[in-house]
Number of protein chains: 2
Amino acid sequence: MIGGMEIYQLRTFVTVAQQGHLTQAAELLHLSQPAVTAQIKALEEEFGMPLFERYPGGVQLTEAGKLLLPDAENILALGRNLLHKAKSLQGEPRGKVRIGTIGVAARLKIGPWLALLRQRHPLITVETTHGVSVSVLNEVRKKTIDAGFYLGRNPYQNVNTLPLSEVGFCVALPPQMAVELANADWKVLGKAPWLGVSQFSSLADITQELWRSQNIAPLKVGEFDEEATLLELIKAGVGVAVLAERTARRYAADGSIVLWRGGELATRAPLQFIYSAERENDPVIGMLKASLRQVWDLP
Amino acid sequence: MIGGMEIYQLRTFVTVAQQGHLTQAAELLHLSQPAVTAQIKALEEEFGMPLFERYPGGVQLTEAGKLLLPDAENILALGRNLLHKAKSLQGEPRGKVRIGTIGVAARLKIGPWLALLRQRHPLITVETTHGVSVSVLNEVRKKTIDAGFYLGRNPYQNVNTLPLSEVGFCVALPPQMAVELANADWKVLGKAPWLGVSQFSSLADITQELWRSQNIAPLKVGEFDEEATLLELIKAGVGVAVLAERTARRYAADGSIVLWRGGELATRAPLQFIYSAERENDPVIGMLKASLRQVWDLP
DNA sequence: TTCTCCGCATCAGAATTTGCAATTAGCCTT
DNA sequence: AAGGCTAATTGCAAATTCTGATGCGGAGAA
C-alpha cells in the first residue's frame with residue numbers, strides 16, 4: 001500500500017496535464033485508461049491533494065497541480081538526460097591505460113593530453129609511472145605498461161613510435177672554463193673534464209652517441225642522473241655536460257653557466273611516443289595516438 | 001522485461017555507491033540482498049554497461065558509474081524536493097475568491113496585495129470584478145462575491161468592515177470661477193453650478209452627504225459617473241465638483257483646475273474592505289484580512 | 001424532454017514484477 | 001583445508017500493475 005512516487009507515475013502526470021484527457025494520455029502512453037486513472041490517483045494520494053479537477057469532457061490541473069507540474073517535468077528531463085548520457089557512454093572504449101613518463105612532465109604536454117583524453121574518452125583511466133627512457137622502453141616491451149615516452153632514436157624493432165618533437169642539446173660550460181672553451185672545437189672540448197651521466201638517465205644515450213660521433217672520449221668526473229645535479233656541478237666548475245636546450249638557455253641567461261659556441265646545438269634527439277608493435281591496430285593505442293597528435297599539432 | 005528506469009532503482013544505485021556493499025545497502029533500504037542485486041542488475045542492463053566492479057569484500061563504482069552517479073543523485077534530490085513541496089502545500093487553504101474592486105486599482109494597492117496573497121497562499125486563486133461601492137456592497141450581501149472594497153461609512157449591518165485608509169475630498173473649481181469662489185464659504189459655494197454625480201459612482205454618496213451636512217442644495221448640471229469626465233467638465237468651466245484629494249492636487253498643480261480654499265478637505269470617507277458578517281470566522285476571510293493588514297501597514 | 005456520446009471511476013481477474021529465503025559460488029584469511 | 005565474507009542464483013510467495021467490462025454523470029443533439 002505504501003509505494004513511493006515513481007518515474008512512470010510522473011510521466012503519466014505530465015502527459016495527462018498536457019493532454020487534458022486521461023483517455024488520450026493513456027493512448028499516448030500505450031496504457032489503458034484505468035491504468036492512468038490509478039496512477040494519477042496514487043500520485044494524488046502520495047501528495048495528499050488532488051492534481052486535477054474532473055470535468056465532463058476532460059480534466060484540468062488544480063492550482064496545486066500547476067505548482068507541482070514543473071518539478072515533475074524537471075525530473076523527467078533529468079531522467080531522459082541520464083539515459084541519454086548512458087547511451088552515449090555505451091560505445092566508449094573503457095579500461096585502464098598505463099603510461100610511462102620521463103623527464104619533465106611539462107615537456108611531455110602531459111596535462112593537456114590527459115585533459116583531452118579524459119574529455120573525449122571519459123571511461124578511460126590513465127595511470128602513469130615515471131622513469132627514464134630506457135626503463136620505459138623495457139616496460140613497453142615487457143608490456144607491464146601500455147605505452148610511454150622515449151627520448152632518442154629508433155628504440156627497438158618490435159616497438160612502434162610516434163615522433164612528437166625534436167629536443168636540442170647544448171654543451172654547457174662552467175663560467176671558469178668559458179674563456180678557453182667557449183669557441184673551442186670538439187678536439188679541445190674532448191680534453192676537458194666531462195660530467196658523466198648515469199645510464200638510467202635520458203641523457204646517457206644522447207651523451208654517449210655524441211661522444212662517439214665526434215670521436216672523443218673525455219675524462220668522466222663521476223656519474224649523475226638528475227639534470228638538476230648536473231646543473232649545480234657545472235655552476236661549481238666541476239666539468240662540462242650536455243643539457244637540454246631549453247634548460248641550458250634558461251640558466252645561461254643569468255650567467256651562472258655558459259653555452260659552448262653561444263648555444264649551438266651539439267645534437268638533437270626526437271621525443272617519441274612508443275608502444276608495442278603488436279598493438280599497432282589496438283583501438284586504445286589508436287585513441288592515445290589520435291589525442292597526442294591533436295595536442296602536439298601533428299598531421 | 002523492458003522496464004524503464006525507476007526512482008527506487010536509482011535510490012538503490014546511490015545507496016550502494018556510497019556504502020560500497022550490496023549487503024549494507026540492502027539493510028539501509030530495508031531490502032534483502034538479492035533484491036538489491038536484481039535492481040542494480042536491471043539498471044546495468046538499462047544503461048548497457050556495468051555500474052560496479054564486484055570484488056570479494058564489496059563493490060566499487062566503475063568509471064561509467066562515477067559519471068552517472070551525480071545525475072542519479074540529482075534526480076533523487078529533485079524527487080525529495082517535489083514531495084517536500086507537496087507536503088508543504090497540504091495544509092494550505094485552497095479555493096477561488098471573488099473580490100469586488102472600485103475606483104482606481106492602484107489606490108487599492110491591489111497589485112502588492114495579490115502578490116503577497118499569491119506568495120503566502122499559492123493555492124488560492126483570485127477573481128476580481130470591477131464596479132462601484134454600491135454594487136460591490138450588494139454583491140457581498142448577495143454573496144455572489146466573497147469580499148470587496150467600499151468607499152464610504154457604515155455600509156450595512158450584516159456586512160463587516162476592515163478600514164484601510166481615509167480618502168480626503170476637495171472641492172474643485174474651474175479657473176474661471178476661482179476669483180469669486182476660491183475662498184467663499186459654503187453658502188456662496190452652494191449657489192454655484194455643481195456637476196451631478198451618477199448614483200453608481202463612489203462619489204455620489206460622498207457628494208450627497210456633503211451637501212446635506214453643509215445644508216446646501218446646489219443646482220445640478222447633468223449627472224456623470226467617471227472621475228475623468230468630471231475633470232474635463234471642471235476644466236471647461238461647466239461647474240464645480242468634489243474630487244478625491246490625490247486626483248485634485250495632481251491637476252491643480254498645473255493650474256488646469258483650482259482647489260477651493262487651497263485644497264482644504266471638504267470631507268473624508270474611509271476606504272474599507274467589506275465582507276459578509278456571517279463569514280467573520282471563515283479562515284479564507286481571515287487570510288484576506290491578514291494580508292491586507294500587512295500591505296496597508298495596519299495593526 | 002429523451003437519447004446518445006464522451007470521459008472518468010470502479011471492479012475483478014490476469015499478467016507482470018518485485019521481494020524474500022535458502023543456497024551456491026568465489027575469494028581471502030587463518 | 002576450514003571458516004568467514006560477499007555477491008549471484010533459484011524457486012516461490014506477495015504485491016503491484018494492467019486490462020476489459022461495466023457503471024455513472026454531464027453535455028449536446030434530436
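Computation of the quantities below employed the complete heavy-atom set of this structure, encompassing side-chain atoms and omitting hydrogens, waters and symmetry-equivalent molecules. Each chain gets a letter, A, B and so on, in the order its sequence line appears, and its residues count up from 1.
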Closest nucleotide among dT9(D), dG20(D), dA27(D) to the Pro34(A) side chain: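 Given the options dT9(D), dG20(D), dA27(D), the side chain of Pro34(A) is closest to dG20(D).
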Sugar-phosphate only, base, or nothing, as touched by Ala35(B) at under 4.0 Å among non-hydrogen atoms: sugar-phosphate
[X] [atom1] to [N] [atom2], straight-line distance once rounded to whole Å:
{"X": "Tyr55(A)", "N": "dC6(C)", "atom1": "OH", "atom2": "C1'", "result": "17 Å"}
{"X": "His30(A)", "N": "dT17(D)", "atom1": "NE2", "atom2": "C1'", "result": "17 Å"}
{"X": "Gln19(B)", "N": "dT6(D)", "atom1": "CD", "atom2": "P", "result": "12 Å"}
{"X": "Glu27(B)", "N": "dC5(D)", "atom1": "CD", "atom2": "P", "result": "13 Å"}
{"X": "Gln60(A)", "N": "dC8(C)", "atom1": "CD", "atom2": "C1'", "result": "15 Å"}
{"X": "Glu46(A)", "N": "dT16(D)", "atom1": "CD", "atom2": "P", "result": "13 Å"}
{"X": "Leu31(A)", "N": "dA15(C)", "atom1": "CG", "atom2": "P", "result": "18 Å"}
{"X": "Phe52(B)", "N": "dT6(D)", "atom1": "CZ", "atom2": "C1'", "result": "14 Å"}

Below 4.0 Å: OP1/OP2 of [N] and any side-chain N or O of [X]:
{"X": "Ser32(B)", "N": "dA21(C)", "answer": "no"}
{"X": "Tyr8(B)", "N": "dT18(C)", "answer": "yes"}
{"X": "Lys41(B)", "N": "dA7(D)", "answer": "no"}
{"X": "Thr23(B)", "N": "dC5(D)", "answer": "no"}
{"X": "Arg54(B)", "N": "dA8(D)", "answer": "yes"}

Over 12 non-hydrogen atoms of neighbours within 6.0 angstrom of CD in Glu278(A):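 12 or below, so no.
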is_close_aromatic(Phe13(B), Phe52(B)), centroid dist under 6.0 Å: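 Centroid separation for Phe13(B) and Phe52(B): below 6.0 Å.
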side-chain hydrogen bond (donor to acceptor under 3.5 Å, both in side chains) between Thr144(A) and Glu139(A), intermediate numbers included: CA-CA 5 Å; Thr144(A) 54; Glu139(A) 295 207 80; 2.9 Å; yes
Any donor-acceptor N or O pair under 3.5 Å, side chains Gln60(A), Arg54(A):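 Looking only at side-chain atoms, Arg54(A) and Gln60(A) do not form any donor-acceptor pair under 3.5 Å.
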CA sep, side-chain torsions, deciding dist, call: Gln39(B), Arg11(B), side-chain hydrogen bond (donor to acceptor under 3.5 Å, both in side chains): CA-CA 10 Å; Gln39(B) 291 186 10; Arg11(B) 176 162 36 241; over 6 Å; no
Toward the 5' end of DNA chain C, by each residue's nearest nucleotide, Gln33(B) or Gln39(B): Gln39(B)
